[in-house]
Amino acid sequence: MLTSLRRIVLEFSQDAELESAVRRMASQIKLAMKTDCCSIYIADYQQQHFVLMASDGLAEKSLGQTTIDFTEGLIGLVAQREEPLNISNAQTHPHFIHAPEVQEEDLNAFLGTPIIHRRKVLGVIAIQQKKSRYFNENEEAFIVTLAAQVATSFANAEASGVIAHQQGGKWSKAIKGAAGSSGVALAPMYVVQPNAVLHTVAMVTAADRAVEHSRLEQAITRTRHDFTVMAGKLGKIIADDSLDIFEMYKQLLDKANLGNELSSQVDNGWRAESALKLVIDSYVLQFVGLDDSYLRERASDIRDLGNRLLFNLQSLNNKPFTAPESFILVAEEVTASMVAEYQHLGIRGIVSLLGSNNSHAAILARALALPAIMGVERIPLGQLDKKLAIIDGYSGELFVTPNDALISEYRHLIAEEDALANKVKQVEKLPAVTVDGKEIVLQLNAGLSSGFEHSKNSGAAGIGLYRTEIPFMNRSCFPSELEQTMLYRQVLDAFPDQSVTMRTLDIGGDKCLPYFPIIEDNPFLGWRGIRITLDHPEIFLLQVRAMIRANIEQKNLEIMLPMIASVTEVDEAVRLINQAFYELSSEIQEKEGLELVKPKIGIMIEVPSVIFQLADIAKKVDFFSVGSNDLTQYLLAVDRNNARVANIYSSYHPAVLRALKIIADQSNKEQVPLSLCGELASEPAGALLLLAMGYDKLSMNPHNIAKIKWVIRHVELKQAKVILARVLSFIDTQQVHNYLNEQLELLGLGGFVRAGM
Ligand code: PEP
Ligand code: MG
């Protein structure tokens, strides 16, 4: 049963066309379950009904014709209850509706299962049998598993359909993702293909078979060469028999093995990549179906080989990037370093299939005021390149080849957005002080973008978080002490009379260095931030020395430690900073006769454990700064980068808000200055709550300074405190949101909510 299940799922995902895929699947399910009929109904949300799309057993003429309203019949009941429905005689069930055209008079037993993707019912699979009986547990388990496994492919096919349908004309239907960064962009899409992976390859027919044959041959030759080189390099380090795997790979590439099958799939009309996917998938399927566990494991070798071949095939196409004048960057996973790489090249917006609105790519997009949509898991990348698109960073919607009405609607929105930005700009240079006289310091988050020149004029009082990672990311090795010194000096010089808080290297999680790979199953819970730099004091000391050296003139540096989880880490880091400081001090005093000023040291509160040790840590540092992005992720156990759980990641969760209040009270008691530099600070409602809690400073990207000033200058502290007290009594995130939106409207700040700013 397991093998047929895998085969059905795999073949379904391989079919480029939804209609033929579901038809084939209906027959396969009927065969595997030895039943009399299997039908598949697809949900049409615009019409609010299900369409009978495929059936092996019901009348052929009803396919694509018969529809059932969402609230009607047994199919509607399965969808409404969102669970399987097992009935021994459907004909006598009160919800049964007789539809003469489908000719199901002699079918009695019924087992229906919903196909659900991300809480949305996409369709229903119905199994029917003449004999009146209940389906047994195994049959039920089989169909439920199958429905769960094909759900993602269904969703993918639905999105492909959105794009495919508008090939002929212009389209206004949206593809949804998470709103990663507000704003709107209209530009052609530029698709960046990252490392190749076979499962994302679309089934595409060849334009010219001879060309595909030659590409295939070149890729095989390159792959064979790669294995020879790899075996040569590794041969110096590991035993000979461990290198057999490379010989095996090379043999598999021979004509007698995969070679011939690949070319015959090209002869069948497939593009080389699609041919490769077909052949590798069918081998993988054969291997995973084997009883022998050793041989079963070989499936991953075949997959590996396939991915390498694919990489070589795709790199044959790679031409050096010539930037279009303006474009929307689209990729399977847009990373922060990718955004940084393209930021000067005409990028207007970002669409990432993976990731969420708290991924660093989204944070960087916000810093650069680029609209972004994250977690659009369901679009076939291959179909998007060069197509005109609108991205709506407020609603998280992508419109491919939009129609004229939509274009003019969005132009209107852009104009409104500009008007609001101009309005708040009036207060940019004024202090952030409430109507009743409470002042709060607003600082900048910087570093993720290299161009921070314009930030100097944003009206901020210094830098509250300078992320040092990016200069480390766009390189092929660690930057030298001198390079770092020069860079940090520029930053410190830009804010001569204001403090600049530099965070020590916070790599790991979703920020990786190409020359220092960290491969982990749980990167956000793994080797990250201070954990790495304490394990590598040579990297830490070099960075801290560069910071202190850069500070000789301005004396405005503060050093901040990321991802602190224990008092010991604070002790060790402070010891290393002291070491760097005293070594450098004596060096500089000797050579230049200059006295160095010891920078203040603070920690980020991101890991929940430190909330319970604030009193201990308070004695050892000069300030605290809450990293609400990570604090939210760790308190709620929600990966900030994972689109699947993006809906439950919220800094407005009552537990997060209460934790933020405890931190504020505790810091106040210990008299440690407190700031917050996560994304919450840049949201009107968030800033209002933090002000009321007693945070001294808020740090945010330059584009939000004026807006948050505007908000603060239009409220009274005592009003904010009343709002906070009410918010802290809520037990549910949605309640918090609804109440805050309502309060912002009442305060005359509703424009910020509507525009999503
Ligand atoms: C945070 O976690 O809130 C933070 C500011 O750091 P980063 O987003 O870089 O992890
Ligand atoms: Mg963080």
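Scope of the values below: all heavy atoms of this structure, side chains included, with no hydrogens, waters or symmetry mates. Both counts, for ligands and for their atoms, begin at 1 and track the order of listing.
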Q: Check whether any heavy atom of Arg503 sits under 4.0 Å from an atom of ligand 1.
A: yes
Q: Would you call the rings of Tyr190 and Phe327 parallel, tilted or perpendicular if under 30° counts as parallel and over 60° as perpendicular?
A: perpendicular
Q: Quick test of your reading of the model: are Arg575 and Glu572 salt-bridged, counting only N-O distances below 4.0 Å?
A: no
Q: Can you tell me if Ser181 uses its side chain to pair, donor with acceptor, with the backbone of Leu370 under 3.5 Å?
A: yes
Q: For ligand 1, which atoms sit closer than 4.0 Å to a heavy atom of Asp630?
A: 1 (C), 2 (O), 3 (O), 10 (O)
Q: Report, in ascending order of atom number, the atoms of ligand 1 lying under 4.0 Å from any heavy atom of Gly627.
A: 1 (C), 2 (O), 3 (O)
Q: Should you measure from each heavy atom of Lys511, which atoms of ligand 1 turn up under 4.0 Å away?
A: 9 (O)
Q: Determine, step by step, whether Phe516 and His536 satisfy the ring pair (Phe, Tyr, Trp, His ring centres under 6.0 Å) criterion, reporting the C-alpha distance in whole Å, the side-chain angles of both residues, the deciding distance to 0.1 Å, and the verdict.
A: CA-CA 12 Å; Phe516 191 70; His536 280 279; 5.5 Å; yes
Q: When you look for heavy atoms under 4.0 Å from ligand 1, do you find them on the side chain of Leu465, its backbone, both, or neither?
A: side chain
Q: Looking at Ile391 and Pro371, what are the two nearest heavy atoms and their distance?
A: CD1-O, 3.4 Å
Q: For residues Ile548 and Ile577, report the shortest heavy-atom separation together with the two atoms involved.
A: CD1-O, 4.4 Å
Q: Record the part of Met560 in heavy-atom contact with ligand 1 below 4.0 Å; permitted values are side chain, backbone, both and neither.
A: neither
Q: Taking heavy atoms and a distance under 4.0 Å, where does Met604 meet ligand 1: side chain, backbone, both or neither?
A: side chain
Q: Show me which atoms of ligand 1 lie under 4.0 Å from any heavy atom of Arg467.
A: 4 (C), 5 (C), 6 (O), 7 (P), 8 (O), 9 (O)
Q: With the Mg ion (ligand 2) at the centre, find the angle made by OD2 from Asp630 and OE2 from Glu606, to 10°.
A: 100°
Q: Does any N, O or S atom in Asp506 come within less than 2.8 Å of the Mg ion (ligand 2)?
A: no
Q: With heavy atoms of Arg528 as the reference, note each atom of ligand 1 found under 4.0 Å away.
A: 10 (O)
Q: Between Gln633 and Asp630, do the side chains contain an N or O donor and an N or O acceptor separated by less than 3.5 Å?
A: yes
Q: Using 0.5 Å steps for rounding, measure from the CD1 atom of Ile611 to the OH atom of Tyr634.
A: 13.5 Å
Q: Between Arg640 and ligand 1, is there a nitrogen or oxygen pair with a distance under 3.5 Å?
A: yes
Q: Show me which atoms of ligand 1 lie under 4.0 Å from any heavy atom of Gly678.
A: 3 (O)
Q: With heavy atoms of Ile363 as the reference, note each atom of ligand 1 found under 4.0 Å away.
A: 8 (O)
Q: Using the side chain to side chain donor-acceptor pair (under 3.5 Å) definition, which of the options Asn629, Asn641, Asp510 pairs with His360?
A: Asp510
Q: Which pair of non-hydrogen atoms, one from Glu481 and one from Ala546, has the smallest distance, and what is that distance?
A: O-CB, 3.6 Å
Q: Look at atom 7 (P) of ligand 1 and say which protein heavy atom is nearest, naming residue and atom and giving the distance to 0.1 Å.
A: His360 NE2, 3.1 Å
